[in-house]
Each structure stands twice: as structure tokens, then as C-alpha cells.
Amino acid sequence: MKRIFITGFALLALFQVRAQNVPTDSTAYKSRKLKLEEVNLVSSYYKQDGNNSAVTGGIGSEHLTDIANTIDVKLVKYGETGIKHTFDIEAGIDHYTSASSDMIDLSDNSSASSSDNRFYPSLTYLRENEEKGRTLGIGVSSSTEFDYQSFGGNISFSQKTKDKNGEFTAKFQTFIDQLKLIEPVELRPPGQEGYGSANRNTFAGTLSYSQVINKDLQIMLVGDVISQNGYLSLPFHRVYFEDGSVHQEKMPDTRLKIPLGIRASYFVGDNIIIRAYYRYYTDDWSLKAHTADLEIPIKLTQAFSLSPFYRYYTQTGTKYFKPYGEHTPADEYYTSNYDLSKFDSSFFGMGMKFTPLNGVFGLKHWNTLELRYGHYTRTTNMTSDIISINIKYK
């Protein structure tokens, strides 16, 4: 936990030096020079526990910890024709330890798989015509860890209505991934050195429409179509059959997902906002799910607000799931991963937001400090906790 705060405040000090050299633009003039508009520093600590590890066939410790740190920098300039150009640069690094991953070699807390680091940079460019309410975007990203390499790209288009109260957005994303085929130790061929590899591709299209209904109510409709192909199993997930034999998880090499959602924000006076969200999900692995989310930011003073939140989730589970020791050779596909089982879950907690007039800790440009804590429970007896801190420069 200590590492989170050291990282956040060290970066805060670094950017305070930069902030002293950025003049405040208090006029309507739109600078044609590239200008630092916003910086977000986010650190989080996550911990989970459970006893349904997919690495050991649906039984065994799911204990995991993760420390994540990201920095997001937004740069803006206006062209000679008044076009707004926004560059969003983000980089993150996670360090996690996992008792379940360590059991790939059936030797708890001793193998290289007991911990890993993930690095994930991204770059997004937006070209906005504010007069016409039209925005075009393009972005690239990557994610790297020991057994997984992912490269992503996206394009987007947004158009506001004539009165600027509504906006239509279309976005297409693709992720091209490569996995190392790390098998459970007892299933590796004798004398094997190194690991094979396999590809996984994801293509996602999103359509959304947001509308200001009146001064108190705003809504958004969102629909996605997500197609995956390639190696969709995880090679180190064990599955135990009724006869006691052990196998690698085997899943279909295609998957089609369709989530549909609606989001609404209702302003109760000047100090309370009710934010609600509902999503329905279905896919061709016979998994269906419902998500309901509620958050109520309450402004207690000019500088301080609280945001209690609650999310309920339920899913039917995929037809390919069975618990430890229940699969048979007659099953074409099989998994004992409880993420694909039938379960209900709850996630609840509190956010605290501090926006002092003179800046956080008296640093003028650092205008927001936000803390969030959430507790997660699942009917498969898995629990987790996450705490995060966000410091914003603007």
C-alpha cells in the first residue's frame, strides 16, 4: 500500500515544476501552440481471495494482489482553421502476485509464474470541429506481460445534433494478441524447451447516442458487437474429468458477444446527482448476464463530495462449464473456470472527491484529489477489495 502513495506524490512533484511554466489562459483566445491541458495520475491496490482457481481445475487458492500505476497526459492545440487537435498519451504498469498462477508448476510460491509485470501504453488523437460538432479519432495501444502480447487500434466518429444536445458516436476497435502456450507441468512433452504460441483476435464495433432531455436529465444508449477468433482458452487452466484424468481447458475458437446498455444521469438540485446504468449481455457460448449500477455523488461543500455506489451483476454461466471432476470424454469443450459459471455478485463502496479552490495541498494547478474504495463479493465465495487514488492537474 505504501508504494502507491510514494508513486503518486513523486509524480505530482515532478509535474508541479512543469505547472509553474504554464500560463493560465483566461481569455477566449484559442492557442495554436500545443498546450498541456490535463494530467491524471492514478494508483490502485487490488486484493482478492477465493477457492475456485481454474489453474488447479476449479479448486484451490485464488489469492491475488495487484499494484497499478497509470499516467494520462492530454495535450491540445487549435489549427489555423479553428480545428481542435487533442493528443491523449497514457502509460500504465501493473505488478501482480498470484497463488493460482504459481500452481502451473504445482509448486506453490516457488516458480517464475508467481508474479509478473504488465506494461500498457496508448496514444489517441482527436480532431474536433467545434462549430460543426464533429469529431474524428484514431488510437493505438499495446499490452505486454510474460505470456501475453497485445496490440490494439481504434477509429471513431462523433456528430452532435444541431442544438448540441444530442451526440451520435461510432467506434471500431481491434486487438491482435499472441499467447505463450504455457501448459501445466504434468502435461508438457518430455524434454520440452520453451513454449509454443497462438493467436487471438478481437474486433469490436460500438454505436452510442447521448441526449440531454432537459436541464435535469441526460441519457445514453450503447450497443456493442464483439467478435473473437483464435485460441480462446487459457493453456494453463486444468480440467479434471470424472475418471480423475487431467486435461487442458478446451473452448471454441470463435465467440460472438452482444452487450446493450442504457445510462442515465439525473440532477437533484445543485448538490446531488443520481447516475444509473443497466446492461444486458448475451453471447454464443450461452452466457447471459444483467448488470445494474447506481452511484449518487453528493456535494457536501464547495470543495468536497461523496459518491456511494453499488453494482449488482448476475449471469447464467456458459454451457461449457462444469466443476472439478464432473466433465466426461463425451464433452467436446470443457472448462472449470468459475468466471464462466453461474453466479451473482455485488460491488459496493464509496468515492471521495476533494477540489479545493487553491489547489490540492496549495498547489494551484493540481485541482482534484479523488479516493475510491470498493468491496466485491461473489456467490462462488470469491471476495476482493480495491482502493485507488487519482490526482488531477488542469
Verdict with reasoning, Asp293 to Phe347, per side chain to side chain contact (heavy atoms under 4.5 Å, CB included): CA-CA 9 Å; Asp293 186 278; Phe347 181 60; over 6 Å; no
Evaluation steps, side chain to side chain contact (heavy atoms under 4.5 Å, CB included), between Leu234 and Leu179: CA-CA 9 Å; Leu234 281 175; Leu179 299 79; 4.2 Å; yes
Residues Ser158, Thr169; criterion side-chain hydrogen bond (donor to acceptor under 3.5 Å, both in side chains); working and verdict: CA-CA 4 Å; Ser158 296; Thr169 300; 3.0 Å; yes
Trace of the side-chain hydrogen bond (donor to acceptor under 3.5 Å, both in side chains) decision for Ser346 with Thr377: CA-CA 5 Å; Ser346 294; Thr377 61; 4.6 Å; no
side-chain hydrogen bond (donor to acceptor under 3.5 Å, both in side chains) between Ser265 and Gln218, worked out: CA-CA 5 Å; Ser265 295; Gln218 301 175 11; 5.3 Å; no
Derivation and outcome, side chain to side chain contact (heavy atoms under 4.5 Å, CB included), residues Leu300 and Leu306: CA-CA 7 Å; Leu300 298 178; Leu306 293 176; 3.7 Å; yes
Evaluation steps, side chain to side chain contact (heavy atoms under 4.5 Å, CB included), between Asn381 and Asn51: CA-CA 7 Å; Asn381 294 320; Asn51 290 292; 6.0 Å; no
Verdict with reasoning, His247 to Ser245, per side-chain hydrogen bond (donor to acceptor under 3.5 Å, both in side chains): CA-CA 7 Å; His247 304 260; Ser245 61; 2.9 Å; yes
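Side-chain polar atoms of Thr314 and Asp344 form a donor-acceptor pair below 3.5 angstrom.
For the ring pair (Phe, Tyr, Trp, His ring centres under 6.0 Å) test with Tyr313, the passing option among Phe343, Tyr277, Tyr280 is Phe343; the others fail. Partner Asp385 forms a side-chain hydrogen bond (donor to acceptor under 3.5 Å, both in side chains) with one of Tyr46, Tyr373, Tyr376 and no other, that one being Tyr373. In summary, of the residues considered (Lys353, Lys299, Met352), a side-chain contact (heavy atoms from CB on, under 4.5 Å) with Phe304 occurs for Met352 alone.
Using a distance-only test at 3.5 Å, with no hydrogens or angles considered, no donor-acceptor pair links the side chain of Glu295 to the main chain of Ile273. A donor-acceptor contact shorter than 3.5 Å links the side chain of His327 to the backbone of Thr335. Not a single donor-acceptor pair under 3.5 Å links the side chain of Ser150 to the backbone N or O of Ser143. Panel note: side chain Asp284, backbone Leu256; a donor-acceptor pair is recorded below 3.5 Å. Counting only distance, with no hydrogens or angles, the side chain of Thr161 and the backbone of Gly166 share a donor-acceptor pair below 3.5 Å.
Under the rule for a side chain to side chain contact (heavy atoms under 4.5 Å, CB included), the partners of Glu326 that lie at least two apart in sequence or sit in another chain are Lys322, Pro323. Partners of Asp270 under the side chain to side chain contact (heavy atoms under 4.5 Å, CB included) rule, at least two apart in sequence or in another chain, do not exist in this structure.
Ring geometry for Phe146 against Tyr195 counts as perpendicular: the plane angle is over 60°, on a 0 to 90° scale with 30° as the lower cut. Aromatic ring pairs are classed by plane angle as parallel below 30°, tilted from 30° to 60° and perpendicular above 60°; the pair Tyr320 and Trp285 is perpendicular.
The side-chain heavy atoms of Asn390 and Asn40, taken from C-beta on, include a pair separated by under 4.5 Å. Looking at heavy atoms from C-beta onward, Ile213 lies out of side-chain contact with Asn165 at the 4.5 angstrom threshold. Contact annotation: the side chain of Val55 approaches that of Arg238 to within less than 4.5 Å [non-hydrogen atoms, C-beta and beyond]. Residues Thr144 and Asn117 fail the side-chain proximity criterion, which asks for heavy atoms closer than 4.5 Å.
Phe241 belongs to a hydrophobic cluster whose remaining members, ordered by chain and number, are Val239, Tyr334; membership requires side-chain heavy atoms of ILVMFWY residues under 4.5 Å apart, directly or through intermediates. Hydrophobic cluster membership for Tyr310: Tyr312, Phe348 (Ile, Leu, Val, Met, Phe, Trp, Tyr linked by side-chain heavy atoms under 4.5 Å, directly or transitively). As a member of the Ile/Leu/Val/Met/Phe/Trp/Tyr network built from side-chain separations under 4.5 Å, Tyr338 groups with Phe321.
Contact detail for Gln48 and Glu62: the closest heavy-atom pair is NE2-O, 3.0 Å. Residues Val246 and Leu187 share a closest heavy-atom pair of O-CD2, 3.8 Å. The two residues Ile274 and Leu294 come nearest to each other via the heavy atoms CG2-CD1, 3.8 Å. When all heavy atoms of Gln248 and Pro235 are compared, the pair lying nearest together is NE2-O, 2.8 Å. Closest of all the heavy-atom pairs between Ser156 and Leu126 is OG-CD2, 4.5 Å. Between Thr56 and Gly60, the closest heavy-atom pair is OG1-CA, 3.9 Å.
A salt bridge does not link Lys160 to Glu167: none of the charged nitrogens lies less than 4.0 Å from a carboxylate oxygen.
Annotation: the span from Glu183 atom CD to Phe236 atom CZ amounts to 12.0 Å, rounded to 0.5 Å. How far CE of Met350 is from OG of Ser307: 8.0 Å, rounded to the nearest 0.5 Å. One finds the NE2 atom of His237 at 10.5 Å from the CE atom of Met251 (value rounded to the nearest 0.5 Å). If you take CZ on Arg134 and CD on Gln159, they are separated by 4.5 Å, rounding to the nearest 0.5 Å. The structure places CD1 of Ile104 at 11.0 Å from CD of Glu186, a figure rounded to the nearest 0.5 Å. Atoms OG and CD, on Ser141 and Gln173 in that order, are 8.0 Å from each other to the nearest 0.5 Å.
Leu41 and Ile89 fall within a single hydrophobic cluster, where Ile, Leu, Val, Met, Phe, Trp and Tyr are joined by side-chain heavy atoms under 4.5 Å apart, directly or via other members.
Enclosure of atom CG in Asn358 is not indicated, since only 12 or fewer non-hydrogen atoms of other residues, nucleotides or ligands lie within 6.0 angstrom. Summarising the local packing, NZ of Lys164 is surrounded by more than 12 heavy atoms from other residues, nucleotides or ligands at distances under 6.0 Å. When the shell of 6.0 Å around CZ of Arg127 is examined, it contains 12 or fewer heavy atoms from other residues, nucleotides or ligands. Under a cut-off of 6.0 angstrom, the local environment of NZ in Lys47 is sparse, with at most 12 non-hydrogen atoms contributed by other residues, nucleotides or ligands.
A cation-pi arrangement is present between Arg118 and Tyr120 under the rule of less than 6.0 angstrom and at most 45 degrees off the ring axis.
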Which atom pairs, donor and acceptor, lie under 3.5 Å between side-chain atoms of residues 200-209 and protein residues at least two apart or in another chain?
unit_1	atom_1	unit_2	atom_2	d
Arg200	NE	Tyr231	O	2.8
Arg200	NH1	Tyr148	OH	3.3
Arg200	NH2	Tyr231	O	3.0
Arg200	NH2	Ser233	O	3.0
Asn201	ND2	Asn229	OD1	3.2
Thr202	OG1	Gln228	NE2	3.3
Thr206	OG1	Asp224	OD1	2.4
Tyr209	OH	Gln211	OE1	2.5

